[in-house]
There are 2 protein chains.
Amino acid sequence: MAQNDTVTRILDTAEVLFAERGFAETSLRHITSKARVNLAAVNYHFGSKKSLIQAVFARYLDPFTERFHTVLDDLEQRYAGEVIPLEVLLDNMARTVLEVPAERNSLKVFMRLLGLAYSQAQGHLRRYIQEHYGSVFSRFSSLVRQATPELPDAERFWRLHFVLGTVIFTLSGLDALRDIAEKDYGEHVSVRGLIDRLRPVVVAAMQAPLPPLETDNLSTAS
Amino acid sequence: MAQNDTVTRILDTAEVLFAERGFAETSLRHITSKARVNLAAVNYHFGSKKSLIQAVFARYLDPFTERFHTVLDDLEQRYAGEVIPLEVLLDNMARTVLEVPAERNSLKVFMRLLGLAYSQAQGHLRRYIQEHYGSVFSRFSSLVRQATPELPDAERFWRLHFVLGTVIFTLSGLDALRDIAEKDYGEHVSVRGLIDRLRPVVVAAMQAPLPPLETDNLSTAS
DNA sequence: GTACGTTTAAAACAAATGTTTATAATTTAA
DNA sequence: TTAAATTATAAACATTTGTTTTAAACGTAC
């Protein structure tokens with residue numbers, strides 16, 4: 001057995017199980033038995049379950065950030081000081097997101113993991129992602145800022161997260177939704193088809209008219 | 001001690017802890033100790049942890065569906081055969097969602113629970129919600145259909161879920177986002193303020209131009 | 001081939017989990 | 001007031017969890 005075969009097999013199995021059932025609901029014994037690997041191997045190679053979770057993310061996010069940085073480099077060079085249009089930015093991001101997991105297991109797993117990273121407690125994960133990959137997001141949102149000068153900063157911040165919510169929520173719950181869509185509308189939808197559907201919606205969301213100024217600020221509900 | 005005091009105290013504590021940490025990450029001992037109630041009380045009053053989770057949801061969703069049905073009754077009567085405009089439908093739904101938890105703990109908890117119901121495994125919960133509250137959603141989406149006749153059925157289906165994703169994702173992760181927004185833009189945002197921000201975005205998303213017809217269907221990625 | 005660092009293996013550990021049981025306390029009704 | 005039903009309590013139960021330990025197998029360089 002090659003030296004890193006165990007590590008790879010653990011990661012391959014873990015990412016699928018995590019995506020299917022969440023982090024807390026997936027035991028190391030489930031992972032190791034399905035991967036046909038000894039239980040202690042996880043702690044030996046990764047140190048702890050937390051580190052394993054982080055390693056699963058790193059295997060997607062490391063190549064993604066690297067590629068996305070060069071994509072942004074290319075764009076900045078091509079537009080040479082000119083403002084990069086919003087749709088170009090969004091399209092390139094989508095394309096990069098699609099490319100990275102294409103070689104590996106599946107995009108579905110990746111998006112589901114991203115959704116979990118948001119929704120599950122796992123404070124250590126949020127910290128890890130923020131710390132290791134926060135800079136790419138900063139660079140991207142700075143470009144988005146130049147592309148949407150008409151938006152107030154706070155408004156753009158919220159809309160980016162609105163859009164992020166749409167994408168992650170949809171793609172991470174894709175399986176269930178796809179089943180319904182296929183049953184009710186007899187239509188098989190691929191991930192790429194979904195992204196074609198998302199594009200006009202996302203662009204329209206970012207370019208929606210500004211909300212009316214809030215005159216009263218006597219908000220009560222927390 | 002009043003007879004149902006224990007039940008109420010368990011529910012009050014459980015919903016907060018569930019919303020903070022998720023279902024699997026919240027132990028019955030944590031709930032009962034914080035609620036100053038005996039551990040066995042949960043199994044005595046609710047039967048199991050799963051049933052407790054369902055009861056937490058029922059306490060929000062039962063009054064919501066009841067109210068929303070009468071709201072829809074009123075609307076149908078007021079528009080008497082005429083098509084109810086999309087914005088009216090969305091506004092009324094938002095208002096109903098806001099009203100129900102206003103009297104109780106907080107809207108934040110409710111939305112966070114909804115987000116968890118989607119993202120956590122908890123197959124029993126999805127089944128429970130579908131079975132008990134599926135009819136309201138059916139009625140609502142049928143009205144949305146009449147309000148957006150220009151949308152193909154499948155497209156409307158997906159856009160409704162896009163929008164649902166935005167709202168649940170944003171409101172369920174509200175705390176973290178609000179902290180950032182307040183720190184970076186020095187702006188305190190209330191839930192109602194957020195909904196004012198969401199309204200134009202949601203409407204724009206639903207009315208976005210249709211995606212181009214997909215000519216090639218040779219999708220590869222799963 | 002021997003010695004040494006690395007990896008795998010089986011077993012055991014300590015802690016935490018949901019649930020059940022047996023008993024005590026309390027409320028309810030007659 | 002007393003008998004019965006309901007609710008609260010403490011303890012124990014049986015699993016499951018992540019982690020550690022100890023020893024065996026493996027590979028590699030001298």
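Numbered from 1 within each chain, the chains take letters A, B, ... in sequence-line order. Just so you know, these numbers come straight off a predicted model, no measurement behind them.
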key: Other residues, nucleotides, ligands: >12 heavy atoms within 6.0 Å of A/R139 CZ   = yes
request  = Evaluate whether atom CD of A/Q130 has more than 12 neighbouring non-hydrogen atoms of other residues, nucleotides or ligands under 6.0 angstrom away.
outcome  = no
Given atom [atom1] of [X] and atom [atom2] of [N], what is their separation to the nearest angstrom?
X: B/Y44; N: C/dT23; atom1: OH; atom2: C1'; answer: 14 Å
X: A/L39; N: D/dG18; atom1: CG; atom2: P; answer: 8 Å
X: A/D5; N: D/dC26; atom1: CG; atom2: C1'; answer: 15 Å
X: B/K49; N: D/dT15; atom1: NZ; atom2: C1'; answer: 15 Å
X: B/I53; N: C/dG18; atom1: CD1; atom2: C1'; answer: 12 Å
X: A/E25; N: C/dT17; atom1: CD; atom2: P; answer: 14 Å
X: B/R29; N: D/dA12; atom1: CZ; atom2: C1'; answer: 11 Å
X: A/R9; N: C/dT7; atom1: CZ; atom2: P; answer: 15 Å

inquiry  = If you assign A/N38 and B/L28 each to the DNA chain C nucleotide with the nearest heavy atom, which residue ends up on the more 5' nucleotide?
reply    = A/N38
OP1 or OP2 of [N] sitting under 4.0 Å from any side-chain N/O of [X]?
X: A/H30; N: D/dT16; value: no
X: B/S27; N: C/dT17; value: yes
X: B/S48; N: C/dG18; value: no
X: B/T6; N: D/dT7; value: no

task = Tell me which nucleotide among C/dT21, C/dA12, C/dA9 gets nearest to the side chain of B/A40.
result = C/dT21
inquiry  = Given D/dT7, C/dT19, D/dT20, identify the nucleotide with an atom nearest to the side chain of B/N43.
reply    = C/dT19
task = Using a strict 4.0 Å threshold on nitrogen-to-oxygen distance, state whether B/E182 and B/R178 make a salt bridge.
result = no
inquiry  = What I want to find out is whether A/R9 reaches A/D12 closely enough, with some N-O distance under 4.0 Å, to be called a salt bridge.
reply    = no
inquiry  = Using a 4.0 Å heavy-atom cut-off, does A/T26 contact any base of the nucleic acid, only the sugar-phosphate backbone, or nothing at all?
reply    = sugar-phosphate
inquiry  = In the structure I gave you, are the side-chain heavy atoms of A/L125 and A/F57 within less than 4.5 Å of one another anywhere?
reply    = yes
